[in-house]
Structure formats: C-alpha cells, structure tokens
Protein chains: 2
Amino acid sequence: MSPRIGLDLPAILQAAVEIADTRGLEEVTLASLAQKLDVRSPSLYNHVNGLSGLRSKLAVHGLEKLLHVMTQAVVGRSGDEAVRELGKAYVAFARAHPGLYDATLRAPDPQDAEVRRLAGETVDLVVRVLRAYELKDDAALHAVRGLRSLLHGFSSLEQRGGFGLPLDLDVSFRLLVDTFLAGLHEMKRRSQAEANPN
Amino acid sequence: MSPRIGLDLPAILQAAVEIADTRGLEEVTLASLAQKLDVRSPSLYNHVNGLSGLRSKLAVHGLEKLLHVMTQAVVGRSGDEAVRELGKAYVAFARAHPGLYDATLRAPDPQDAEVRRLAGETVDLVVRVLRAYELKDDAALHAVRGLRSLLHGFSSLEQRGGFGLPLDLDVSFRLLVDTFLAGLHEMKRRSQAEANPN
DNA sequence: TTATATTAACTAATGACATTAGTTTTTGCA
DNA sequence: TGCAAAAACTAATGTCATTAGTTAATATAA
C-alpha cells in the first residue's frame with residue numbers, strides 16, 4: 001500500500017513551524033520547506049494542498065497549541081488570577097512562536113471548519129473564565145472580544161516592534177490587564193447599582 | 001531636465017492604496033500596480049525603490065493619514081470624550097482603509113527614520129490626551145501602549161474576521177473602551193489613595 | 001532655433017517561486 | 001513472485017521582482 005514514506009504531515013509541520021518562528025511566516029515557502037526536508041518541492045503536494053493548504057494546516061496547528069496553553073493556564077484558577085494567567089500564557093505563546101502565532105491569524109480561509117471549531121472552543125474557554133464577573137447577557141461575549149483584542153493587540157505590536165518606547169514590556173502588559181480587570185469590576189459594580197439602586 | 005512625466009509618486013501611492021484597500025495588501029505587487037497605471041513594471045523603479053521601497057512609502061503614507069484623523073478627533077476635547085473619539089477615529093480609519101492600515105504595521109524596516117518620527121508624534125498625541133488622568137511617571141506611557149494595543153487588536157481582529165460571534169461590533173468596541181476608561185479612573189483613584197491615605 | 005544633457009520609460013534577460021503533468025520507484029499485500 | 005498504490009521524482013509553464021542596457025522626450029543652454 002504505502003511506498004517510501006520519507007515525509008509525513010507532522011514532520012512537515014514541525015519544519016514549517018521552525019522556519020516560521022525563526023525566519024518569519026513569509027519565509028515559509030514550499031521551496032524553503034522542501035530544502036529543509038531534503039526533498040523536491042512538488043513532493044510536498046502529496047501531503048499538503050499547496051502553499052495555501054500548508055498555511056491552513058499551520059493555522060490549525062497553532063490554534064490547537066494556543067488553546068492548549070490557555071487551557072492549562074486556567075485550570076484550578078478563577079477570577080482575576082485566572083484572567084491574569086490566561087493573558088500571560090497568551091503572550092508567552094506569541095513570544096515563543098511568533099511565526100506560528102502569525103499563521104494563526106492569517107488563515108487563508110476563515111470559513112475553514114477546523115479553524116471555526118477551534119475558535120469556538122477558545123471563546124468558550126474565555127467565556128467560562130469571565131463568568132466570575134457575572135456579566136449579564138451579551139456582556140460576557142463583548143468582554144471576551146475585548147480581552148482578545150487587548151491580548152492580540154499587545155502581542156502583535158510587540159512582535160512588530162511597534163513599541164518604540166524604552167519601557168519594560170512586562171510592566172506594560174501587567175498594567176494593561178490590571179486596568180482591564182479594574183474596568184470589569186467597575187462595570188459589574190455599575191450594573192448591579194443600576195439593577196438595585198438602594 | 002525632466003523627460004516624459006507620466007508617473008509621479010502621488011499617483012503611484014494612490015493606485016497602491018486602492019489595490020491594498022480593495023484587494024488586500026498582498027495583492028499590491030509591482031506587476032498589478034504597473035498594470036493599473038498602464039506602465040511596465042520596471043518603470044516603477046524610477047520612482048520607488050522596488051517593492052520594499054513601495055511598502056515603506058505606503059507605510060509612511062498610512063501613518064500620516066492615521067495621525068491626521070486622530071489629531072482631528074481630539075482637537076477641542078479632553079478626558080474620556082477625547083479618548084472615545086480617538087478610538088472611534090482609529091477604528092474608522094482601519095475600516096475605511098484596511099489595506100493601508102495593514103501597510104502601516106508591516107513596515108519592512110521599523111528603523112526607518114520617517115516611520116519612527118511619525119510613531120513618535122502619534123505617541124506624543126496620545127500622551128497629551130491621557131494627561132487628563134494624571135498618571136504618574138511611566139504610567140502614562142504604559143497607558144499609551146495599552147490603549148494602542150486595544151485599538152490595534154480590535155481593528156486587526158475585526159479585519160481578519162476573527163470575531164466569529166454574531167454580535168454588534170460597535171457595541172463591543174464601545175464597551176471595550178469604556179472598560180478601559182473605567183479601569184484608568186480606578187487606577188488613578190488607587191494611586192491617589194496610596195499617596196494620600198487619609 | 002537647435003543641440004545636448006537629463007532622465008523617464010522601455011525591452012530583454014535572469015532567477016526565485018508555485019503549480020501541473022507525467023514518470024519512476026518503492027513497498028505492502030495478494 | 002508479481003502487482004497495485006502512492007510517494008517522490010523530472011520537466012515544463014507561468015507569475016513575480018529585479019537588473020542591465022536602450023530609447024525617447026524635454027528642459028535648458030547655446
């Protein structure tokens with residue numbers, strides 16, 4: 001059945017991740033990948049649907065790993081602590097895997113079933129973490145979007161060297177998360193005051 | 001001195017912006033640009049230093065426009081109102097010019113003098129707006145980073161369709177900014193309480 | 001008015017890609 | 001032992017960016 005198996009998907013993905021993280025996502029080409037794997041580039045078509053297929057697989061792989069570290073970060077925790085650890089895990093992942101993180105957000109096809117499934121699971125995870133803040137109705141979902149915006153924004157700008165200031169990045173990040181949490185508490189307070197105006 | 005002037009930098013930039021905003025930044029190639037301008041691609045080298053030069057100019061152009069709309073948004077305003085308008089102007093720009101906004105953040109050379117100058121001016125603008133919160137020392141700069149993270153994160157995810165949820169984006173954004181502002185007020189309160197603990 | 005220098009835009013050529021078609025080769029199983 | 005499946009290959013095509021060298025238009029000086 002199966003003839004010379006030199007390549008397989010895991011090996012291809014690992015090599016692609018290595019290139020992405022060290023040289024940048026744009027450098028992940030079928031040519032560079034084939035060279036690294038000591039193979040001719042058309043051979044890759046037996047495992048992956050061209051460059052765009054590779055990028056899809058890379059995106060899915062990255063989302064899986066990201067969801068995993070986020071999940072690990074919140075088990076056994078709740079409230080502010082859980083959010084803080086979640087945030088730390090998120091930026092740590094982006095720092096450790098800049099290229100893979102990038103791939104995560106440039107899925108050629110956002111309608112891809114796998115991508116949607118993983119995105120959904122990630123949202124669920126964060127919703128559960130934010131449940132502690134007793135946000136009503138859609139507020140929890142809006143808060144998920146907000147938290148994700150802030151995490152992604154920070155990671156993205158950090159990666160692009162978008163912060164020209166000579167200022168400790170970890171301090172900036174901690175303050176940002178703390179400010180968001182303080183705001184969340186305040187919003188909760190307000191909505192409760194509104195619902196129950198002594 | 002000057003022979004047949006069919007092209008000039010403004011025309012080139014305008015065409016590039018059009019392609020970027022309608023088809024995406026990746027579609028801005030010397031080939032597509034030349035076709036749109038009815039010229040052969042090597043001709044572009046007389047005005048721009050190759051593809052990377054074009055991207056640099058595009059980034060600078062985008063930063064200039066972004067700084068301009070941000071500046072217009074805050075004149076005559078202060079405090080929360082100024083921050084809210086600043087935020088609205090930021091996401092409105094990203095929505096109106098998705099490709100150009102993208103170019104803004106993928107400057108091939110973040111060390112480029114023009115890019116650094118504009119980035120500096122933008123930081124200055126936001127610092128002035130945040131002065132109202134009387135943040136001490138570096139806190140103001142950290143807050144600038146935070147605000148920028150959140151604005152960029154939201155815009156970027158919105159563009160990439162990263163929000164799978166069927167939820168009003170404008171509401172999400174307003175809540176995010178409000179949460180940040182509430183947090184900022186709370187942080188200010190805390191630092192004052194600490195400095196002057198009755 | 002004419003000649004020249006300047007320089008924009010051109011053609012031609014090269015090399016890096018992705019991709020497709022068609023061929024070779026390995027290997028599991030009958 | 002032989003055959004079918006499929007992995008990896010070679011060859012070819014087309015799209016890019018980029019460089020070298022050529023042509024041609026025009027502003028200015030004579």
Side-chain angles (χ1 to χ4, degrees), chain A residues 1-61 99-100 102-103 106-109 112, chain B residues 1-61 99-100 102-103 106-109 112:
Chain A
M1 282 273 198
S2 57
R4 35 178 166 162
I5 316 174
L7 289 181
D8 60 352
L9 199 54
I12 289 177
L13 244 48
Q14 190 192 326
V17 169
E18 252 178 69
I19 296 174
D21 286 341
T22 56
R23 292 193 260 155
L25 186 58
E26 331 71 56
E27 296 294 320
V28 178
T29 65
L30 294 185
S32 68
L33 191 54
Q35 187 179 25
K36 189 180 186 80
L37 293 166
D38 203 33
V39 143
R40 306 295 170 154
S41 61
S43 304
L44 296 170
Y45 283 77
N46 286 313
H47 303 271
V48 139
N49 188 14
L51 185 58
S52 69
L54 174 65
R55 292 202 173 128
S56 284
K57 295 229 183 274
L58 214 46
V60 169
H61 184 240
L100 185 56
D102 220 17
R106 288 202 275 189
D109 180 14
D112 180 282
Chain B
M1 280 274 198
S2 57
R4 33 179 166 162
I5 315 174
L7 290 180
D8 59 354
L9 198 54
I12 290 176
L13 244 48
Q14 190 193 326
V17 168
E18 252 177 70
I19 297 174
D21 286 342
T22 56
R23 291 194 260 156
L25 187 57
E26 333 69 55
E27 296 294 320
V28 178
T29 65
L30 293 186
S32 67
L33 191 54
Q35 187 180 24
K36 188 180 187 79
L37 292 167
D38 203 34
V39 144
R40 307 294 170 153
S41 60
S43 304
L44 296 170
Y45 283 78
N46 285 314
H47 302 273
V48 138
N49 187 14
L51 185 59
S52 69
L54 173 65
R55 292 201 173 128
S56 283
K57 296 228 184 274
L58 214 46
V60 168
H61 183 239
L100 186 56
D102 220 16
R106 288 201 277 190
D109 179 14
D112 180 283

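Here is how names work: the chains are called A, B, and so on, in the same order as the sequence lines, proteins then strands, and each is numbered from 1. Since this is a predicted model, take the numbers as computed values, not measurements. Computed over heavy atoms, backbone and side chain alike; hydrogens, waters and symmetry mates excluded.
Protein atom CG of Leu44(B) is 12 Å distant from nucleotide atom C1' of dC10(C), rounded to whole Å. The CD-P distance, from Glu26(A) to dA17(D), rounds to 16 Å in whole Å. Separating the CG atom of Leu7(B) from the C1' atom of dT26(D) is a distance of 16 Å, rounded to the nearest angstrom. Put simply, CG on Asp8(A) is 16 Å from P on dA6(D), counting in whole angstrom units.
In this structure Asp102(B) satisfies the salt bridge (Lys or Arg N to Asp or Glu O under 4.0 Å) test together with Arg106(B), sequence neighbours excluded. Taking Leu33(A) as the reference, Ile12(A), Ala15(A), Ala16(A), Ile19(A), Leu37(A), Leu44(A), Leu54(A) meet the side chain to side chain contact (heavy atoms under 4.5 Å, CB included) condition, with sequence neighbours excluded.
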field: Under 4.0 Å protein heavy-atom contact, by nucleotide of nucleotides 12-19 of chain C - B base, S sugar-phosphate only
entry: B----SSB

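The base of dA6(D) has none of its N or O atoms less than 3.5 Å from a complementary donor or acceptor on the side chain of Asn46(A).
With values rounded to the nearest 0.5 angstrom, Glu27(B) atom CD is found 9.0 Å from Thr22(B) atom OG1.
Within a 6.0 Å sphere centred on CD of Glu26(B), other residues, nucleotides and ligands contribute more than 12 heavy atoms.
Taking only side-chain nitrogens and oxygens, His47(B) never comes nearer than 4.0 Å to OP1 or OP2 of dT7(C).
Identified under the side chain to side chain donor-acceptor pair (under 3.5 Å) test for residues 35-50 of chain A, with sequence neighbours left out: Glu18(A)-Lys36(A).
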